[in-house]
There are 2 protein chains.
Amino acid sequence: MDDFEKVHGYLRGRGLRRTDARRSIVDGALRADGHYTADELLEKLRASGERVSRASVYRTLALLVEGGFVETREFRRGQTMFEPVLGRHHHDHLICTGCGAIVEFENDEIERLQEETARKHGFRLERHSLRLYGRCATCLSA
Amino acid sequence: MDDFEKVHGYLRGRGLRRTDARRSIVDGALRADGHYTADELLEKLRASGERVSRASVYRTLALLVEGGFVETREFRRGQTMFEPVLGRHHHDHLICTGCGAIVEFENDEIERLQEETARKHGFRLERHSLRLYGRCATCLSA
DNA sequence: TTCGATGCAAAATTTTTGCAGCTTA
DNA sequence: TAAGCTGCAAAAATTTTGCATCGAA
């Protein structure tokens, strides 16, 4: 079962319907590599000939986030970015404050310490958001 | 020199003026314990008789963030929260997805690994944002 | 046939900005 | 007096919602 089947299975299980708009938005949202805003996704879909509304893009992205297929990131204030995570490795982000470049990284030790910290405070950890801001090598040498 | 002197010194150094509105906003912004939105700060100031505009609250908070006296947090989408950090220990946050409780924590080992990670990718780390989301003990037992 | 879904436009939120008048240095 | 500041209201920018219509099951 591929990712798309999995998502549509999830939606069906919740009594939601398989429509053209939904299908193309899910497709675009999962297929995109990297991060995108709701508006960027809308533009991309329209550019490839899909006829969907902005409202449906927001509504469908919300469903995908709820289902855990897509995650939101707030790299910059007031602009939610989305990123597909289904079948991909969990990772966090380094953001360059100079050029805006975004680098993904994984660090199991940090993950472990987060778990430990949550437990120590009586929390059952569900998810986390870790962003490191700084200057990238290119900006530093410029 | 107390915190307020420090901030006003910083502002003076940048050729900015000491006005009534600025003084009361700086005061409210630094004195608040915990996190607040721009609007909450505005309400608090007005409740205590200060006559300031929403625009000035936003403008002054931006100055304080630039100066490193206040930091922004995005616990929930689309709502920037501010927190004074002058003279306080750096810390990160655990957020309960049930009741919204916010718990502060410090973990030097995580800090160290963040530095190391940034360096490994050629970044000079400037700041970071770490939020752990989960269920707190109270919500778990309810 | 019944609900859920869609598109559109209006509304809601949060933050920023233009501007005329006021204040500080 | 010059350069900042302020408040207000309008503008921006992003996301949500009401509603009539459409379409999937």
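Every chain is numbered from 1, with letters handed out A, B, ... down the list of sequences.
Comparing B:Ala38 and A:Ile25, the nucleotide of DNA chain C nearest to each residue sits closer to the 5' end for A:Ile25. Closest-nucleotide positions on DNA chain C for A:Ala21 and A:Arg17 were compared, and the one nearer the 5' end corresponds to A:Arg17.
Checked by atom type and distance alone, the side chain of A:Arg131 pairs as donor or acceptor with a backbone atom of A:Glu74 at under 3.5 Å. Looking at B:Thr117, its side chain does come within 3.5 Å of a backbone N or O of B:Leu113 through a donor-acceptor pair. For A:Tyr36 (side chain) and A:Ala29 (main-chain N/O), a donor-acceptor pair under 3.5 Å exists by modelled atom type. With hydrogens and angles disregarded, a donor-acceptor distance shorter than 3.5 Å links the side chain of B:Tyr133 to the backbone of B:Phe75.
Look at CZ on B:Arg18: it is 8 Å from P on C:dA25, rounded to the nearest Å. A:Gln79 places its CD atom 14 Å from the C1' atom of C:dT14, with the value rounded to the nearest Å.
Using a 4.0 Å heavy-atom distance criterion, A:Thr80 is classed as a sugar-phosphate-only contact.
Residues of residues 50-59 of chain B that place a heavy atom closer than 4.0 Å to DNA chain C, in numerical order, are B:Arg54, B:Ala55, B:Tyr58, B:Arg59.
Counting only N and O atoms by type, the side chains of B:Gln79 and B:Thr37 include no donor and acceptor under 3.5 Å apart. Side-chain contact annotation: B:Glu71 with B:His90, donor-acceptor N/O pair under 3.5 Å absent. A:Glu83 and A:His35 share a donor-acceptor pair across their side chains, judged by distance under 3.5 Å alone.
Taking a heavy-atom distance under 4.0 Å as the criterion, the stretch of DNA chain D touched by chain B extends 5' to 3' from D:dA3 to D:dT15.
Salt-bridge check for A:Arg124 with A:Glu115: failed, with every basic side-chain N at 4.0 Å or more from each acidic carboxylate O.
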